[in-house]
Visitor: 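What follows is a structure written as structure tokens; I'll ask about it next.
In what follows, chains carry the letters A, B, and so on, assigned in the order in which the sequence lines appear, proteins first and then strands, with residues in each chain numbered from 1. No experiment lies behind these values; they were computed from the predicted model shown.
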Amino acid sequence: MIDKRVSDLATAVAPIFDGAVIMVGGFGTSGIPFGLLAALLDHGTRDLTIIANNAGTGEDALALLLRENRVSRVICSYPRSPGSVWFEKRYEEGLIELEVVPQGTLAERIRAAGSGIGGFFTPTAYGTLLAEGKETRVIDGVGYVFEKPLPADFALIRAEQADRWGNLRYHATARNFNPVMAMAAKHTIAEVRILADEPLEPESVITPGIFVNSVVEFGVRP
Amino acid sequence: MIDKRVSDLATAVAPIFDGAVIMVGGFGTSGIPFGLLAALLDHGTRDLTIIANNAGTGEDALALLLRENRVSRVICSYPRSPGSVWFEKRYEEGLIELEVVPQGTLAERIRAAGSGIGGFFTPTAYGTLLAEGKETRVIDGVGYVFEKPLPADFALIRAEQADRWGNLRYHATARNFNPVMAMAAKHTIAEVRILADEPLEPESVITPGIFVNSVVEFGVRP
Amino acid sequence: MKPLDENGMAARLAQDIPDGAYVNLGIGLPNRVAHFVPAGREVMYHTENGLLGVGPVPRTEQEDPELINASKKLVTMVPGASLFDHTLSFAMMRGNHLSIAVLGAYQVAENGDLANWATLEQNFPPAVGGAMDLVAGVPQIYALMRHNSRDGAPKVLKRCTYPLTGAGVLTRVYTDLCVLEVTPEGFKLIDLAEGNSLEEVQAVTEARILT
Amino acid sequence: MKPLDENGMAARLAQDIPDGAYVNLGIGLPNRVAHFVPAGREVMYHTENGLLGVGPVPRTEQEDPELINASKKLVTMVPGASLFDHTLSFAMMRGNHLSIAVLGAYQVAENGDLANWATLEQNFPPAVGGAMDLVAGVPQIYALMRHNSRDGAPKVLKRCTYPLTGAGVLTRVYTDLCVLEVTPEGFKLIDLAEGNSLEEVQAVTEARILT
């Protein structure tokens, strides 16, 4: 029997180890797995690499991981945003290695990892500082940068609804990076607002359960 | 005002010209735009390149285009299937140039064209006849073949439901190649079973209307 | 010789699919495996045309002309099924998300080579479908095939003579006569269809069968 | 000098968005353009975080904390809107499907260069977001920005001094003082904010403004 439900957040994050590469879904405050991030903070692992669009705001759970020096590396498109105080402080202290990736390239590199693609040429960032040191190629008159897949050990994602097979649906713009990250990690953990007893309607599934290792209910909406 | 509805199939295919490269959605008999293909036959254009998974069966509308010698080139993954009589006959007569592409590579090349990706490395077909003459690369110990984007002048697709903005939903396994082809053509024409007066529910949209140029109701389900 | 019939072959292979597996079923005979899930197991069958959770053949009143498998046959969906487009379907294959793929074969060889897409006939258009994507991304590849062709030509070979779908990709071979595991030393017998002896099967097999 | 306020700038730009256009609105001031669609036009505003069809700011009872724009502000949806993930959202940008993108800018130059992601300050972490994807794939790029920085430093330049987001990508520049078209010869004046003269505006602009 396929049953991906786990009883609580602590159980869900228990497999995460020191030095893990962790994708965190969300954009702004929408679709961020705050429950799983709080459990990760309690879990105590260190030396983490975080792949996410943003790098925490105020004293939210992602910012707290930075404050508590659990994160040694951040790969993201927009780390500096209003309230990203702990990221900026740790970055200025030289405690965090930062890789800034254009947002679409970040999504596409994650997709490549989840789809078995070995790398791709994108026009994004061609001729800019972010392409320095990278392989480039002109194809049919357009300049492209070669980008590699970006995989992870874990993906922490947030969805609206799940069933026991791990099928997921999202709500509004909380979808964002969550479906693509679910595909690209060795172990994907989904925090969901509603864990349904019945299977989701097959047409409405956005993330098929094959991509998901565990689901845990966390009924709060931010 | 955005209104992509057209009144009939003939009007929908009127922009198609001799020598056009045309994507045709569908897999087997599911999700094939039979109404648009019949209208294309009446339209009379010649020297067409067809990009599709299969190459027609029996006397269906795609097979008839082959019978009537309207097609000079076929790019597809599975041209020979039970009943693909007209494809086989024209191929044996040397009247059709055939490019066989692995099914996932076909989908991914179409996606690259629709997504602005200049090319990608796929492990599919590495070391086989289908990789002969192609650029290859070994990345982290795995062999890959370089594949280029595959764009088209037109995409003829089939969906379950549309609204006036061109948003589309599909039914069951009739989704297949239709959403990705919709992204990759300069001009995408959707035949739909139901043309709704009300907008589709935003969460349920699979193909956003930005990818669709015209929609026409053709209420038959094969 | 007592060869299994097609249902017998599909049922035999289904016995080896573990509970909870995600299994792609290829065109033809492999699609039939979906009819034989051993009691007490839940298996999610994947079909390349965009469905995870293929169920049995529909009763007449359940038939939906737009719900088909890779063989273009009508199917149903099991609870927990999901529908998606071709790009996501092939991401599942190529991206190493499936556990097992079951494919038909023209020829298999003791070095794990698989040939199932093209012959050497002139004017016979090749048709590759999703086979090369599957062998590129699915860790366990099972061939399901008749042991020999209808005219008696061997298909379980030392080396394939047809163009390869993939080199060294096979894990197991299920035929109407036996089940073979592909090992670094060659084909190793797992079991024989009831009523057949190793000597009989070896006599109609080009490759050496190790025990 | 009579500079427009932020709403005035957004409303001025909105006048130039044609009926039926698909328009990405970037973070900050550009997001405000969605509030000003001229009467009789239907425009589909795109936000990188997965929504095509951004509507106005919600009334309190309409607020949905998970329905936001690129600036992380609450929004609504217009009829015909659709929701999708980041891969499809950026396929729309990079794949040449949008008509126009409106972006904020640190600096713009008469050769069409745009700088809006990094300064030269030490210890100031850069943040690129979706800007480089937009300039790579959207045919018309409009900058929407104050003409000069708060301390009076010029932002409409002969050449950018900050690292570029894209070289030669700009189509137009909308500031609180004027609207400029980027031409092979340099910036060409389209119009002036009411109550300002070309001489006044040229006096506070590093680049030459052609007429």
Visitor: Please rank C:A70, C:A81, C:G129 by heavy-atom pairs under 4.5 Å with chain B and give me the top one.
Guide: C:G129
Visitor: Using only non-hydrogen atoms and a strict under-4.5 angstrom cutoff, which residues of residues 160-181 of chain C touch chain B?
Guide: C:P163, C:L164, C:T165
Visitor: Between C:A127, C:G137, C:P126, which has the largest tally of heavy atom pairs under 4.5 Å with chain B?
Guide: C:A127
Visitor: So, taking the atom named CZ in C:F84 and the one named CG in B:N176, what distance separates them when rounded to the nearest 0.5 Å?
Guide: 12.0 Å
Visitor: Taking atom CG of C:D5 as the centre, does the number of heavy atoms from other residues, nucleotides or ligands within less than 6.0 Å exceed 12?
Guide: yes
Visitor: To the nearest 0.5 Å, tell me how far B:Q103 CD sits from C:N49 CG.
Guide: 8.0 Å
Visitor: Indicate yes or no for a side-chain donor-acceptor contact from C:D133 to the backbone of B:G104 under 3.5 Å, with no hydrogens or angles considered.
Guide: yes
Visitor: Can you sort out the partners of B:K186 under salt bridge (charged side-chain N to carboxylate O under 4.0 Å, His left out), two or more places apart, ordered by chain and number?
Guide: B:D153
Visitor: Below 4.5 Å from any heavy atom of chain C, which atoms of B:V142 appear? Answer side chain, backbone, both or neither.
Guide: neither
Visitor: Tell me, with the steps shown, if C:L83 and B:Y170 meet side chain to side chain contact (heavy atoms under 4.5 Å, CB included).
Guide: CA-CA 10 Å; C:L83 291 157; B:Y170 302 87; over 6 Å; no
Visitor: For the atom pair CH2 (C:W117) and OG (B:S77), what is the distance rounded to the nearest 0.5 Å?
Guide: 11.5 Å
Visitor: Looking at C:H86, C:M93, C:M132, which has the largest count of heavy-atom pairs under 4.5 Å with chain B?
Guide: C:H86
Visitor: Write out all pairs satisfying salt bridge (Lys or Arg N to Asp or Glu O under 4.0 Å) with one or both partners inside residues 172-185 of chain B, taking only residues at least two apart or from two chains.
Guide: A:E203-B:R175
Visitor: Checking heavy atoms, do the side chain of B:Y126, its backbone, both or neither come under 4.5 Å from chain C?
Guide: neither
Visitor: Please list, chain by chain and in numerical order, all residues satisfying salt bridge (charged side-chain N to carboxylate O under 4.0 Å, His left out) with C:K158, sequence neighbours excluded.
Guide: none
Visitor: Which atoms of C:D64 come close to chain B, meaning under 4.5 Å heavy atom to heavy atom: side chain ones, backbone ones, both, or neither?
Guide: side chain
Visitor: Could you report the tightest heavy-atom contact between C:K72 and B:Y78, atom names first, then the distance?
Guide: NZ-CD2, 4.4 Å
Visitor: State whether the side chain of B:T173 and the backbone N or O of C:E66 hold a donor-acceptor pair below 3.5 Å, judged by distance alone.
Guide: yes
Visitor: Below 4.5 Å from any heavy atom of chain B, which atoms of C:I27 appear? Answer side chain, backbone, both or neither.
Guide: side chain
Visitor: Can you confirm whether more than 12 heavy atoms, excluding those of B:R137, are under 6.0 Å from its CZ atom?
Guide: yes
Visitor: Can you tell which of C:L88, C:T47, C:T87 has the highest number of heavy-atom pairs within less than 4.5 Å of chain B?
Guide: C:T87
Visitor: So does B:K134 have more than 12 non-hydrogen atoms from other groups sitting under 6.0 Å from NZ?
Guide: yes
Visitor: Give the member of B:S84, B:G28, B:G94, B:P82 that has the highest number of heavy-atom pairs under 4.5 Å with chain C.
Guide: B:G28
Visitor: Set out, in order, the CA-CA distance, both residues' side-chain angles and the distance that settles side chain to side chain contact (heavy atoms under 4.5 Å, CB included) for B:N178 and C:D85, then state yes or no.
Guide: CA-CA 8 Å; B:N178 286 298; C:D85 85 327; over 6 Å; no
Visitor: Looking at B:P102, B:P123, B:G127, which has the largest count of heavy-atom pairs under 4.5 Å with chain C?
Guide: B:P102
Visitor: Can you tell me which portion of B:R111 sits under 4.5 Å from chain C's heavy atoms? Options are side chain, backbone, both or neither.
Guide: side chain
